[in-house]
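All values derive from a computational prediction rather than experimental measurement. Reckoned from all heavy atoms, side chains included, excluding hydrogens, waters and symmetry mates. Indexing begins at 1, ligand by ligand and atom by atom, following the structure's order.
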Amino acid sequence: MPAYSEIVLDHFQNPRNLGEIENADAVAEVENPVCGDRARLSLRLSGGRIAEARFLAEGCPAAIAAASMTTVLLTGMTVGEALALRDTDVAQALGGLPPNKVHCSVLAEEVIQAALAGYPAPVTAVP
Ligand code: FES
């Protein structure tokens with residue numbers, strides 16, 4: 001097993017916000033075509049912000065930890081902030097990923113983009 005950070009192991013063993021939101025405002029599921037790992041994200045929005053984020057994932061420890069961390073980072077963000085969140089931000093929040101696992105956090109960025117595709121970022125912040 002690659003050398004994962006303590007944060008990755010923690011989020012893999014105790015995933016945050018696992019599950020699915022009923023009647024979610026935004027939902028998406030993406031698959032990594034190379035390894036077949038999948039992530040599903042459901043979001044509840046309120047006043048232009050992400051009030052709740054939940055995930056389901058099938059995949060390697062890095063993919064599951066990245067999806068878990070993504071829900072933590074997303075909670076409370078505006079749609080614009082969420083759309084600006086990159087896979088590198090998720091990897092950094094996880095204390096880094098082993099070089100051969102960096103692609104696993106890309107799934108997180110892709111699922112955010114897919115879920116919020118119908119919610120263009122506001123030009124100005126919602127008061
Ligand atoms: Fe597939 Fe990690 S090996 S996402």
Side-chain angles (χ1 to χ4, degrees):
M1 186 145 121
Y4 287 123
S5 72
E6 292 283 320
I7 306 173
V8 170
L9 293 174
D10 179 33
H11 276 261
F12 172 56
Q13 284 156 2
N14 309 291
R16 320 298 200 271
N17 305 307
L18 190 61
E20 175 134 33
I21 298 170
E22 266 183 58
N23 302 318
D25 296 305
V27 181
E29 187 167 327
V30 296
E31 181 174 331
N32 182 325
V34 179
C35 60
D37 288 352
R38 298 148 68 91
R40 184 176 172 85
L41 180 69
S42 55
L43 303 172
R44 189 164 61 77
L45 288 104
S46 175
R49 286 188 183 271
I50 295 170
E52 190 180 1
R54 291 194 168 268
F55 85 97
L56 293 169
E58 247 180 60
C60 72
I64 289 165
S68 169
M69 180 57 85
T70 297
T71 61
V72 172
L73 294 173
L74 285 179
T75 304
M77 277 188 172
T78 64
V79 171
E81 287 166 345
L83 284 166
L85 194 69
R86 298 279 82 96
D87 62 299
T88 45
D89 300 321
V90 176
Q92 198 180 358
L94 287 169
L97 287 170
N100 64 336
K101 288 284 170 183
V102 167
H103 73 277
C104 307
S105 61
V106 174
L107 214 54
E109 179 180 321
E110 284 179 353
V111 80
I112 297 168
Q113 299 290 326
L116 292 173
Y119 291 85
V123 177
T124 52
V126 177

[X] side chain to [Y] backbone, donor-acceptor under 3.5 Å:
{"X": "Arg38", "Y": "Gly36", "result": "no"}
{"X": "Ser105", "Y": "Ala66", "result": "no"}
{"X": "Glu31", "Y": "Ala39", "result": "no"}
{"X": "Ser68", "Y": "Ile64", "result": "no"}
{"X": "Thr78", "Y": "Gly48", "result": "no"}

Quiz item: With a cut-off of 2.8 Å, which protein N/O/S atoms are close to atom 2 (Fe) of ligand 1, if we only count those under it?
Solution: Cys60 SG, Cys104 SG

Quiz item: Within a radius of less than 6.0 Å around CG of Asn14, do more than 12 heavy atoms belonging to other residues, nucleotides or ligands occur?
Solution: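 For Asn14, atom CG is crowded (more than 12 foreign heavy atoms under 6.0 Å).
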
